[in-house]
Peer 1: 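This structure is in C-alpha cells; I'll ask about it shortly.
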Amino acid sequence: MKRPAATAAALLALLAAPLFYAGCGNAKAPAPQLTKPTNATECVEPAATMRANHMNLLRHERDNIVREGDRSRKYRIEGCAQCHTKRAEFCDRCHDYAGVKPECFDCHYLP
Amino acid sequence: MANIKTKFTVIEGNSAGYWLLVAVLGLLSLGGFWSSYMMFLHGHYMTGMTNAIPWGFPIVMAVYLIGLSAGSLVLSALSSVFGRTEFKPLARISALLAALLLIGALMCIILDWGRPDRILVPFYSMNPRSMFSLNGMLYSTYIGICFVYLWAMFNHKEKLVKLLGFTAVFWAVLVHSGTGAIFGFVGARELYHSPLLPPSFIAAALSSGTALMILVLYATFKFTGRQLDDGLIRRLGLYLAVFIAVVAYLVFIENVTRSYWPGNYAVQKFLLLFGNKYSLIFWIGMIGCGLLFPFIILANPATGKSIGWILVASALVVIGVLAERYIIVIPGQVMPMEMFPGYHIAGPFQDGRMIDYYLSPMEILFGAGITAFVFFLYALSLKFFEMTPDKAAGESGN
Amino acid sequence: MPEMDRRSLLKMGAAAIAGTVIGNGVTLYTSPARAEEGGGPPGAAATNALEIPSKGKARWGMVIDNNKCTAQCTACTAACRTENNVPLFGDERYDGHWIRKVTLTPERGGPEKHLPLLCNHCDQPPCQHVCPVAATFTRHDGIVMIDKHRCIGCRYCMIACPYKARTFVFKETSEWTNKDVPKRAHGVVEKCTFCAHLIDQGKIPACVEACNKSGEGAMIFGDLNNPGSAIVKYIRAVATKGIREDLGLEPKVSYTGI
Amino acid sequence: MGGLSLLSLVYVALSYAAAAIFVGGLMRKLWGYAVTPNPLCIPTTPSPATKGGVVARLALNIVAFADLFKGNRWTWIGGYAFHVILIAVTVRHLRLFIYPVPPLLAEIQPLALLIAMLLPLPLVYLLARRKMVDRYAWISSPADYGVLILILLIALSGLGLKFVSHSDLVGIKHFLLGLLMFSPVDMPAHPAFIIHLTLVLMLAVYFPYSKLVHAGGVFFSPTRMMVDDPRERRHINPWAAK
C-alpha cells in the first residue's frame, strides 16, 4: 500500500457518503405526509397496529372472504376505501417511502 | 469383480474453443432468461400458447429434460448398483448431468408459470392430490439425491454410493412415472388419458438419456483429447437399441389400443393420418428419428459396430424423443374435446375447431436458453470439479 | 354514484338489444314446464333475491332451458362481462370467457340449438383435484372457485377441465367495468364464480338476472338442496341433462333439450 | 433531542457509539495493515509478474473468492453462497437508508427477498462444517462459532421481523434516516426490531476486532498484493529506503 493516508481518507469518505447525501444533519429526517380521512377519526384498529399490521390483517381475512364467502369481515380492502378515498395521498405515500410495491391494486379498485 | 481404479481429473479448460463454448452457452442462457422475464412482465401472449393450448413448448422442454435426466442417472447407477464396473468412468459425469438436467426441467416449469414470483406458494399451500405437486416433491428430492450421490462418489463412500445408486434408480422410475401421470391421469383429454404413459415415459427416458450420454461422452472426451474406449460406446449403443425396442412396443400398443375402438377413429385419424403437421412430426420425428432409423442403424451389424453410425443413431434418438414429447403434449390439446356427441359445436372460444399451435420465437429462445444453461453449468463443472475420467475404458481395455 | 349509473345504463342497453331480439326470436319447442305453468316462463318465477340457508346447507345449481335460448341474445354474456370485468381483447386466442354462447348443429341434420356454456361447478371438480397449490377450491355452498391470490398460473386446471370453462389471463386487462369486483393481473387462471359475491349478498348471478330481465328467461338458478326451490321443482318436472355426465364429475349446471 | 423516549435515547446513543467503534476500529486496523512494513518481496509463486495481473487476481479473489475456490471447494460453496446472499440482504435493507427510494431498487425487492431469505442456510452449513468435520473442529475457536451464531441470530431475527412479527416499517425507516441525518427521532418500540437492532449493533462493535476484517484485509495481504518481479525490480523496504 503506497499511500495509506489517502486510502484511509477515501474509505472514510465512502463510509460517510450517506451523511453527505442526507445533508449533514441540517435537515430533519423526511417522513411520509398522509392526508387523513375526514369522515372518521379512528380506523378499525389503533393506528399503530394498522401501520405495522394492515397487510397481515388484510391477507388473513382475504382467505375467509374468498374461501368462506364471509363478507362481513372487519378487515376488507373495500372497507379501506370507505374512508381513505385517495390512494395516492394515503396508501402510496408510505409504500413509496419504504419502497414497498403491493399487488393489491392490480386487481382491487381503490380510487 | 475386479476393482478398476479410475482417476478423475478436472479438464484443462483454457483453450479458446472452451471459452468460446462457455460464452456461447452463457449468452444463449441469458437469452432464455430474458424471454422468460418478458413472459413474466407482459404476459403469456408473447408465446404461441392460447386459451385453447395452455401448455406449449416450455412444458415440452420440461418433460424432455426430465427424461434425459432420468436416463442419465440410471446409466450412472449401473456401475454401482449392478456392478457394471466398465461404466464407472461415466458415473460422475452422468450423475452431474442428471442433476443439471433436472434443474433445467424445474426451471422450465417454474419460469413457465404465469406467476413465477409466487414460487413460495407451493411451500405453504400444497394440494397433495395434485400430480404436479407430487412431482414437484419428487423432482426436488431427486436433485438432492443426485448431489448427495455425487458427494459420496467424490469422497469414496462406497457403501453410501451403492445405497444412493439404488435409491436413485428407484427415484428415477418414480420421477418418470410421475411425469407420465401428469398427462396420463387426465381423463378429460382423449390423447392424454392412458395408463401406458408412465411406463412409456420411463422407456423413452432411458432411450433418450442413453443417446444423450453417448453424445456427451464422445464430445467431452474428444474435446479434451482423452481416450475413450470404443467398446464402451458400442455397449451403450446396444443398450440404446434395447430401449428403443421397448419404446416402440409401448407406442405401438398405445396406438393400437386407441385405434381399435371405433369411437376413437376421429382422434386417431387426426393424429396418425390427417393431422397435417402433427402427423408429420409423429411419423418422421417420433417414429422415424426416434425409433425406426436408429434401430435399423444399431441392429444392422454393418453399421451397429461403427462409432460414427452409433453417434448418428444417438443424435436421431435425441431429436426423435423431443418429437415424441411434442406429440404427447401438444396434439392432446389441439384435438377439440367432444362435449356434445352428435353435434357440431361453434362458439367464440375456438369451439369445435382444430386449434393450431405455432411455436413462437420467444418459446424457442426459452427452450434453447434453458438447455444451454444446463450445458453451461456442465462445462463449468467439468473445469472445476474432478468429474472426467483420465480415460474411459471397457473391460477389454484394462 | 357515477359507476352505478354506468352499470344500470349498460344493462338498459342490453335490455334494448334483447327487446328487438325477442320480436324476431323463434321458439322451436314449447317447453313442458311452460305448458305446465300455463305459459309463464319458469325463470320469471324466480325473483332477484335468494334465500340463503345456513352455512354448508346450500348447493347452488343452474338449469338452462335451451329451447328458449335464442341465437342472437347475448344478455347473459354481456352482463357477465360487465359484472365481473371479464376482459375482451378482440383476439379470440386470449379473450376471457366466463360464460359463452355456442351453436350446436346436429351432424344428422335438424334445427340448430343455442345455449350458454359456463363452469359447471362439478361436485367432483378435476380442476381442483389437479391444482398443485390448492388455489382452486369448493366453497361450502358447492361453488368451485379460484383464489387468484394463490394461483401460480401453471394452467394444469385448464388441461384437466373437460368443459373449457377456464381461461388464462394472457395480457394485462384494462379498466374496471364494475369497480366493486376485482379485475385480475395477468398470469392467473380465471372462470365463472356463479357471481359468488352477489350470492353472498342474497342476489342471483348477473347472467341469470340479465336472462330474466332482458333475455328469454331461460336460466333458473337456485339451491339444489332446497326441495321447495324453483330449480328443484323444475328438475323434478322436466328431464334435464348435464354435459358429459359420463365423466362422472356431477356437474351442477344442467340443460333441457340437449 | 429533547422529545425522545428513554428507549430511543438509549438506542440512539448506542447506535452512534457502535458506528464510531465500527468506523474507528476498522480504520485503526486497516491503518495498521497499511503502515506495517514489508521487509521482503514475498509473493507466492506462481504470482502475476505485472501490476495488471495482480489487480486481475485481486479482482477475481473479490468477485469469485478464487483462492478459497482453489483451496477448498466445500468451504467455498458455503462462503460464496453466504456472501452472494448478503448482497441480496443489502439490497433489501438499502431501501431503508435511501430517500427517496430509486424505482429500480423498489422494483427488485421481491426478487431480492427470495434470495435474502436463504441467509440461514449457508450459515448453518458453515457451522455444521466446523462442528462435524474433525479437522475443522480442531482448529475452530469459540470466536469462530460465535461470529457465525451472531450472524445467524441477526438473520433469524430479521426474518422474524419480515415473516412472524411485522413491525412498523415506515417508523423504522424514519428512525434510521434520523440517525443518518443527525436529527434522531423516536424508534418503533417493537420487540423484534429491538432485538434485531441490538444484535446488529453488537456485530458492528465486534466487527473490527474479529476475523471478519478479512473484507478489508484482502487489500493488504503481501503474498497476494505483490508483483512477482524481484529479479526485475529490487524490493526496498519503505523505511529502509529513507
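Throughout, protein chains are lettered first and strands after them, A, B, ... in sequence-line order, and every chain is numbered starting at 1.
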Peer 1: Over 60° means perpendicular and under 30° means parallel, so tell me whether Tyr37(B) and Phe40(B) are parallel, tilted or perpendicular.
Peer 2: tilted

Peer 1: Anything in residues 44-63 of chain B with a heavy-atom distance to chain C below 4.5 Å? Please list those residues in order.
Peer 2: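 Against chain C, the residues of residues 44-63 of chain B that fall inside the cut-off (heavy atoms, under 4.5 Å) are His44(B), Tyr45(B), Thr47(B), Met49(B), Thr50(B), Asn51(B), Pro54(B), Trp55(B).
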
Peer 1: Hey, which of Met131(B), Gln350(B), Met126(B) has the most heavy atom pairs under 4.5 Å with chain C?
Peer 2: Gln350(B)

Peer 1: For Phe123(B), is it the side chain, the backbone, both, or neither that has a heavy atom closer than 4.5 Å to a heavy atom of chain C?
Peer 2: neither

Peer 1: Tell me, for Gln333(B) versus chain C, whether the close heavy atoms (under 4.5 Å) come from the side chain, the backbone, both or neither.
Peer 2: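 Answer is side chain: those atoms of Gln333(B) sit under 4.5 Å from chain C.
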
Peer 1: What residue among Ile231(C), Leu224(C), Val238(C) forms side chain to side chain contact (heavy atoms under 4.5 Å, CB included) with Val63(C)?
Peer 2: Ile231(C)

Peer 1: Among Ser125(B), Ala188(B), Gly187(B), Pro341(B), which has the most heavy-atom pairs under 4.5 Å with chain C?
Peer 2: Ser125(B)

Peer 1: Spell out the residues in residues 125-137 of chain C that have some non-hydrogen atom less than 4.5 Å away from a non-hydrogen atom of chain B, in order of number; otherwise answer 'none'.
Peer 2: Gln128(C), His129(C), Val130(C), Cys131(C), Pro132(C), Val133(C), Ala134(C)

Peer 1: Answer yes if the side chains of Ser259(B) and Gln268(B) hold a donor-acceptor pair under 3.5 Å, and no otherwise.
Peer 2: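 Yes, because at least one side-chain N or O of Ser259(B) sits under 3.5 Å from a partner of the opposite role on Gln268(B).
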
Peer 1: Given that the side chain runs from C-beta out, which part of Met337(B) has a heavy atom under 4.5 Å from chain C: side chain, backbone, both or neither?
Peer 2: side chain

Peer 1: Can you check whether anything in residues 322-330 of chain B gets within less than 4.5 Å of chain C, heavy-atom wise, and list it by number?
Peer 2: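 Residues in range: none.
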
Peer 1: Can you find a side-chain donor-acceptor pair between Glu254(B) and Thr257(B) that sits under 3.5 Å?
Peer 2: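 No, no side-chain donor-acceptor contact under 3.5 Å.
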
Peer 1: Where does Phe349(B) contact chain C at under 4.5 Å (heavy atoms): side chain, backbone, both or neither?
Peer 2: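 Backbone plus side chain of Phe349(B), per the 4.5 Å heavy-atom cut-off to chain C.
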
Peer 1: Non-hydrogen contacts under 4.5 angstrom with chain B: give the residues of residues 239-253 of chain C involved, or none if there are none.
Peer 2: Ile243(C), Arg244(C), Leu247(C)

